[in-house]
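What follows is a short report on a single structure.
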Amino acid sequence: MKLKLVLASALMAFGLSVQAAPIIIKYSHVVADQTPKGQAAIKFKELAEKKFPGKVEVQVFPNSQLFGDGKEMEALILGDVQIIAPSLSKFGKYTKQLQVFDLPFLFDDIAAVDRFQESKEGQAMLTSMKSKGILGLGYLHNGMKELSANKPLGYPADAKGLKFRIQASDVIEAQFKAVGANPQKLAFSEVYQALQTGVVDGQENTWSNIYSKKFHEVQGYIMDSNHGVIDYMVITNSKWWDGLPADIRKGLAEAMTESIKFGNKVALEESDSFRQKVIDDKKAKVLTMNKEQVAAWRKAMMPVYKQFEAEIGASLIQAAQKSNK
Ligand code: LMR
């Protein structure tokens, strides 16, 4: 009898301790907390932990603290991290379709990007990497990207011979080659130093990334070029996700949707204020491009479309083009 009691209480203790152990979700990313992605990750932690007190713990790792570019996808597939949100330009190893987002001057603005992501074609891409262990939980906006360099870039000829840091994207590589520049794929965490030491002369990024990583302090000129987009797919390890208890998975999906909405609001509302902060800092000159200049860049970069049409798919490119009003 005594033994039974001891056993029962031991089992209870064991049962309780199993129940008490929360599901740990590591959410890793490469940008600063104040950016749209940084804010969305913090919001996801808040919402998920509020929904499942004591059952779910979300650990957010910003600024490439846990994993930087290159490593984070492998870590996700290995189960070392559960959620990441890489830029759509960094999926080349896993799918060629997402390259569509890197085509220069494809989208007029973020509203057009949003329409395309919400379309049948956009939504299908979220589940297109399941066989590789990757599931897209949603798209998240950052913004349109701007060119920066240590000299003014009025026309494409000004970029000739300059070295530009690029994300790991073959389309972006081709885009810079089309204007006679030398693109170099570098991790986001290495950009500031590469600009500072002259390893590269320029880069392209959004206002929130430029300001929060102080690129404007090591660049002379930033062009309001809006020649492309930096957006994200928030992804998870599909096996881990499918293995979660159904109620938790449902609640986490809801928290993710809400956190993305919040991040998108930050992206929309704060882009101009990050631009203004760069101007106010008076470290780099912000130059606008007139219609003639924009047309010249567009024309110079257009050959990239033909180059990648077969890989991306002509119909996908057309679907994206249709999202412009
Ligand atoms: C970059 O590498 O420049 C961006 O993709 C970083 C990011 O995640 O916004």
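Read the numbers this way: they start at 1 and go in the same order the structure lists the ligands and their atoms. Remember, it's a predicted structure, so these values are computed and weren't measured experimentally.
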Residue pairs involving residues 52-84 (criterion ring-ring contact (aromatic ring centres under 6.0 Å, His included); sequence neighbours excluded) |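 Counting only pairs at least two positions apart or across chains, no ring-ring contact (aromatic ring centres under 6.0 Å, His included) contact touches residues 52-84.
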
Passing option when I235 is tested against L137, I134, L135 for side-chain contact (heavy atoms from CB on, under 4.5 Å) | I134

Quick check for students: name every N or O atom pair between ligand 1 and the protein closer than 3.5 Å, with distances.
unit_1	atom_1	unit_2	atom_2	d
ligand 1	2 (O)	K90	NZ	2.7
ligand 1	2 (O)	R165	NH1	3.4
ligand 1	2 (O)	R165	NH2	2.8
ligand 1	3 (O)	R165	NH1	2.7
ligand 1	3 (O)	N205	ND2	2.9
ligand 1	5 (O)	K90	NZ	3.0
ligand 1	5 (O)	Q167	OE1	2.6
ligand 1	8 (O)	K37	NZ	2.7
ligand 1	9 (O)	N209	ND2	2.9
ligand 1	9 (O)	Y232	OH	2.5

For H141, what residues pass the ring pair (Phe, Tyr, Trp, His ring centres under 6.0 Å) criterion, not counting sequence neighbours?
-> none

In chain order, what residues pass the ring pair (Phe, Tyr, Trp, His ring centres under 6.0 Å) check against F164, with sequence neighbours excluded?
->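 Ring pair (Phe, Tyr, Trp, His ring centres under 6.0 Å) check on F164 returns F176.
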
Salt-bridged, E258 to K261, with N to O below 4.0 Å?
->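 So E258 pairs with K261 through a salt bridge.
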
Answer yes when E270 and K277 have at least one side-chain N-carboxylate O distance shorter than 4.0 Å, and no when they do not.
-> no

